[in-house]
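Chain A is the first sequence line, chain B the second, and so forth, proteins listed ahead of strands; every chain is numbered from 1. All heavy atoms count here, side chains included; hydrogens, waters and symmetry mates do not. Note that this is a predicted model, so its numbers are computed, not measured.
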Amino acid sequence: MSRALDDVVVLDLTRQFAAALSAAFLADFGARVIRLDVPPVRVATDGRWNHEADLIHRNKESIALDPTHASGLALLKALVGEADVIVTDWQREELAAVGIDYAGACALRPDIVFGRISGFGPVGPDADLPAIDELAAARTGMMPILPQPGQPPIYTGAGAMHATVMLAFGVVTALMHRQASGEGQEVDVSLFGANMYGAALDIQAFLAIGEGERFLNPISRLDVSNPMSGSLYPSADGRWVTLTMPDTDRWWPEFSAAVGIAADDSRFDTHDKRTETNRLELIRELEAAFLRQSGSHWRAVFQEKQMSADVIEQFDYPANDPQVLANRYILELDHPSFGRVKSLGFPIFLSDSPARLERLAPCVGQHGDQILHELLGYPAETIQKLRADGAVA
Amino acid sequence: MAKALEGIRVIDLTVWFQGPVSAQFLADFGAEVIKVERPQGGDQGRGVRSIKSLPVGDWNQYFLVINRNKKSIAIDLKTEAGRAILYRMVAKSDVFLSNLAPEMLEGWGLSYEKLTSINPQIVYATNTGYGRFGGASKPSFDMTVQALTGAMARLGEPGEPPVYLGMGSGDAYGGIMSALGIVLALYQRRRTGRGQYLDASLYGAQLFLAAPYLQSFLAGNRDAALQHSRKQVENPLWNLYPTAGKWIYLCEANDDARFAALCRALDVPSLHADARFATSALRAQHNEALIAAIESLTLRYDHQALMTAFVAEAVVASPVNNLADVVRDEQAWRNNYFMKAYCEEVQREVDVRGLPVTLSKTPGEINCLGPQLGQDTELLLMDLLGYEWDEIEALKAQRAIP
């Protein structure tokens with residue numbers, strides 16, 4: 001069966017989670033992704049399951065080579081000559097040092113699609129700052145307003161995960177262009193840009209409005225703009241309830257009944273009263289109402305009335321949610337060393353060429369011989385010599 | 001300049017945020033995206049008038065930015081004649097994208113089966129709330145889905161309420177996930193001639209918002225699900241610290257050379273000499289004491305003075321900026337993460353979110369902001385779909401179009 005990317009060879013020259021996972025997403029859909037394991041090699045996990053590697057390096061092959069070694073460097077360049085795509089998160093000067101910055105890679109493979117996660121974008125005064133997601137998140141302006149008032153800023157880590165998908169999208173979009181025109185190009189997604197994208201609505205609103213304390217300082221959950229939307233209330237068992245019912249007129253009759261407020265209570269009988277005049281009073285009433293019942297009770301009520309509201313869960317919820325397993329967002333798999341384990345699966349469903357788990361993370365250098373033979377056509381004696389020289393592990 | 005997705009035509013039957021932003025990525029890179037809207041009011045996103053209780057101002061940036069570079073056709077899909085128009089569009093399009101509920105699409109005669117009977121090569125993309133399988137049936141909005149993923153519950157100091165990752169953060173993630181699925185299917189289709197259907201759900205995408213932590217939890221690290229205090233992080237050199245001004249994020253490895261540099265920057269030889277902090281293992285062991293010590297020092301500076309001292313010792317750190325800083329950030333403007341665009345609604349240039357995915361030879365473009373409701377209806381009916389003027393009059397009489 002055809003796979004989406006089964007004519008694409010990707011070289012994975014990554015160190016960090018985000019870019020490595022981008023390459024894994026391409027591998028999930030059939031690209032041949034060759035991970036270049038260069039020194040210092042990945043460390044073993046003293047007998048425990050390397051759950052991270054089995055997510056971010058799944059479906060990849062591995063060749064271990066040493067570019068500080070002359071024949072290792074030649075091999076690296078030969079591989080670039082055979083690749084359609086490079087995915088990397090190295091700094092530009094590191095890539096230039098081994099001759100495979102974009103210009104170098106182009107000389108070896110003119111139509112290459114060169115995908116890179118940078119810290120702060122391809123141009124500008126901070127283009128070569130390190131690619132550290134915390135630095136990028138700190139620059140983005142959201143960290144101070146995520147917590148409750150008086151609390152420290154919050155780093156979510158979501159920006160790097162945005163970058164993962166944005167890079168994969170950029171690479172496949174560039175492959176579309178190459179498919180039509182034969183032309184390769186550079187694709188850059190920065191952690192800064194990705195964090196900004198993840199903060200889309202707040203940033204865009206501030207850009208347009210240009211002021212507003214509510215964009216610069218945290219908003220207390222007891223001062224939320226709409227008591228029925230974006231709000232948080234504790235339930236009797238300590239689990240939190242959240243509501244997204246911005247159109248309060250539509251929901252009020254059923255919602256008021258569910259929380260034990262008379263629908264015609266004159267304090268709250270218009271949208272304006274609920275969200276402006278008596279907003280704080282409604283928040284206090286809802287705070288008291290939700291505390292009277294458990295999270296499970298509220299979930300059942302929301303489900304029955306098809307309200308846009310739910311209970312805030314910890315990771316055990318998706319880990320055991322049949323809905324998640326039915327859609328293969330989390331996979332149950334038989335690990336050769338660790339038995340039955342769960343691992344994050346596939347967020348995109350394609351009906352005709354679905355993502356597949358063909359193999360777990362490769363051992364360092366596991367596919368060296370195969371890659372040298374199949375991709376570069378090296379005879380066995382050449383491969384042996386490379387190993388003897390220490391260019392390939 | 002060449003466009004990466006030149007020649008791709010997308011039917012964009014989406015509302016609010018996740019679906020529109022998926023199609024926005026395709027439109028930015030040159031696809032012809034035709035937004036299909038109900039004649040009365042169109043996409044509900046057009047109705048957004050305030051954000052965080054603040055009026056959006058004289059232009060609706062919520063709608064206009066994520067629907068940029070698109071055309072708009074107004075069709076009442078509840079009428080048979082309206083559906084016939086859409087079917088004619090399907091015959092001439094490459095992608096059908098919707099974030100309406102599958103049952104609703106089914107009810108309007110817009111199932112995958114129906115559309116492939118018209119165009120077997122169509123790429124049919126949905127953004128469901130909870131996935132195509134499993135039977136979950138409830139409304140899905142960004143925050144209510146984010147609530148289920150566990151991503152909110154692990155953030156914040158212990159005992160504090162869960163933390164929403166930001167307005168629309170999960171919708172934005174579902175949107176780019178969907179755009180990735182679509183270009184994958186299109187790339188394959190160009191080689192094989194085969195279309196298919198795909199789904200990128202809000203839930204499925206959002207499970208990856210906290211992927212490193214969720215994966216760790218799945219491997220048995222229960223702790224990964226819980227809130228953690230910044231006063232107890234294992235490496236005190238990689239942490240948030242308050243100053244007399246803004247907070248700063250210090251990002252250094254816990255090794256002797258970096259600790260020495262930090263102590264020089266803070267001008268505290270005594271800290272460097274403190275036996276409790278003499279090795280990386282000791283610094284991890286006495287992390288709470290070291291965090292308290294560093295915090296007492298950083299509070300003596302404002303963030304600018306502290307950053308100056310850090311830069312002098314090449315200590316890696318950043319002030320924790322706010323939105324007023326980022327909209328002035330030169331780096332963001334230089335990289336087209338922010339751009340200027342002409343807004344018809346107010347007849348002037350406005351500042352908009354730009355292009356976060358940078359392609360060197362086929363960069364994205366912003367040619368226009370979101371369309372007026374139905375502005376291209378008649379033109380598309382005539383030029384693209386081949387309707388005669390008297391047929392268009394008849395469609396109006398049947399209330400299939402406004």
Undergrad: Report the option among A:Leu325, A:Thr244, A:Val311 that has the most heavy-atom pairs separated by less than 4.5 Å from atoms of chain B.
TA: A:Thr244
Undergrad: Is it the side chain or the backbone of B:Pro319 that comes within 4.5 Å of chain A heavy atoms, both, or neither?
TA: backbone
Undergrad: What option among B:Gly156, B:Gly168, B:Ala179 has the most heavy-atom pairs under 4.5 Å with chain A?
TA: B:Ala179
Undergrad: Tell me, side chain or backbone of A:Phe120 under 4.5 Å from chain B's heavy atoms, or both, or neither?
TA: both
Undergrad: Tell me whether B:Arg194 at atom CZ has more than 12 heavy atoms from other residues, nucleotides or ligands lying less than 6.0 Å away.
TA: no
Undergrad: Go through the atoms of A:Ser220 and report whether side chain, backbone, both or neither lie under 4.5 Å from a heavy atom of chain B.
TA: neither
Undergrad: Would you verify whether the NZ or CZ of B:Lys3 falls within 45 degrees of the ring axis of B:Phe29 while also being under 6.0 Å from that six-membered ring's centre?
TA: no
Undergrad: Tell me, side chain or backbone of B:Ser216 under 4.5 Å from chain A's heavy atoms, or both, or neither?
TA: both
Undergrad: With a 4.5 angstrom heavy-atom cut-off, which part of A:Phe25 approaches chain B: side chain, backbone, both or neither?
TA: side chain
Undergrad: Can a cation-pi geometry be assigned to A:Arg139 and A:Phe192, taking NZ or CZ under 6.0 Å from the six-membered ring centre and within 45° of the ring axis?
TA: yes
Undergrad: Checking heavy atoms, do the side chain of A:Val8, its backbone, both or neither come under 4.5 Å from chain B?
TA: side chain
Undergrad: Quick one about B:Glu252 and B:Trp238 (side-chain donor to acceptor, distance below 3.5 Å, no hydrogens or angles considered), yes or no?
TA: no
Undergrad: Let me know if A:Ser353 has heavy atoms under 4.5 Å from chain B in its side chain, its backbone, both or neither.
TA: both
Undergrad: Please classify the contact between A:Glu183 and chain B as side chain, backbone, both or neither, with a heavy-atom cut-off of under 4.5 Å.
TA: side chain
Undergrad: Would the distance check show the side chain of A:Asn327 and the main-chain N or O of B:Arg132 forming a donor-acceptor pair, the cut-off being under 3.5 Å?
TA: yes
Undergrad: Is the closest side-chain donor-acceptor distance between A:Asp54 and A:Trp49 under 3.5 Å?
TA: yes
Undergrad: Would you check if the side chain of B:Arg191 reaches a backbone N or O of A:Ser2 as a donor-acceptor pair within less than 3.5 Å?
TA: no
Undergrad: Cut-off 3.5 Å, side chains only: do B:Glu160 and B:Gln227 have a donor facing an acceptor?
TA: no
Undergrad: Taking B:Leu180, B:Asn335, B:Val326, B:Val350 one by one, which has the highest count of heavy-atom pairs under 4.5 Å against chain A?
TA: B:Asn335
Undergrad: At a 4.5 Å cut-off on heavy atoms, which part of A:Leu26 comes close to chain B: side chain, backbone, both, or neither?
TA: neither
Undergrad: In terms of heavy-atom proximity below 4.5 Å to chain A, should B:Ser201 be classed as side chain, backbone, both, or neither?
TA: both
Undergrad: Of the backbone (N, CA, C, O) and the side chain (C-beta and beyond), which part of A:Val187 lies under 4.5 Å from a heavy atom of chain B, both, or neither?
TA: both
Undergrad: Given that the side chain runs from C-beta out, which part of A:Leu175 has a heavy atom under 4.5 Å from chain B: side chain, backbone, both or neither?
TA: both
Undergrad: Are the side chain of B:Thr144 and the backbone N or O of B:Ser140 linked by a donor-acceptor pair below 3.5 Å?
TA: no
Undergrad: Can you tell me which portion of A:Gln303 sits under 4.5 Å from chain B's heavy atoms? Options are side chain, backbone, both or neither.
TA: side chain
Undergrad: The test is salt bridge (charged side-chain N to carboxylate O under 4.0 Å, His left out); show your working for A:Arg299 and A:Glu313 and say whether it passes.
TA: CA-CA 11 Å; A:Arg299 169 163 293 143; A:Glu313 299 283 359; 2.8 Å; yes
Undergrad: Against chain A, label B:Tyr213 side chain, backbone, both or neither, depending on which of its atoms sit under 4.5 Å from a heavy atom there.
TA: both
Undergrad: Does the A:Thr164 side chain pair with the main chain of A:Ala18, one donor and one acceptor, at a distance under 3.5 Å?
TA: yes
Undergrad: By a 4.5 Å heavy-atom criterion (distance strictly below it), what part of A:Arg3 contacts chain B: side chain, backbone, both, or neither?
TA: backbone
Undergrad: Report which part of A:Asn217 has an atom under 4.5 Å of a heavy atom belonging to chain B: side chain, backbone, both, or neither.
TA: neither
Undergrad: Given heavy-atom pairs under 4.5 angstrom as the criterion, report whether the side chain, backbone, both or neither of A:Thr156 touches chain B.
TA: both
Undergrad: Decide whether A:Tyr155 and A:Asp133 meet the rule of one side-chain donor and one side-chain acceptor closer than 3.5 Å.
TA: yes
Undergrad: Identify which part of A:Ile330 has an atom lying under 4.5 Å from any heavy atom of chain B, answering side chain, backbone, both or neither.
TA: side chain
Undergrad: Side chains of B:Tyr337 and A:Tyr197, heavy atoms from C-beta outward: is any pair under 4.5 Å?
TA: no
Undergrad: Report the option among A:Ala199, A:Gly345, A:Ser229, A:Pro153 that has the most heavy-atom pairs separated by less than 4.5 Å from atoms of chain B.
TA: A:Pro153
Undergrad: Would you mind checking which part of B:Ala125 comes under 4.5 Å of any heavy atom in chain A, side chain (CB onward), backbone (N, CA, C, O), both or neither?
TA: neither
Undergrad: Any side-chain heavy atom of B:Gln196 within less than 4.5 Å of one from B:Gln188?
TA: yes
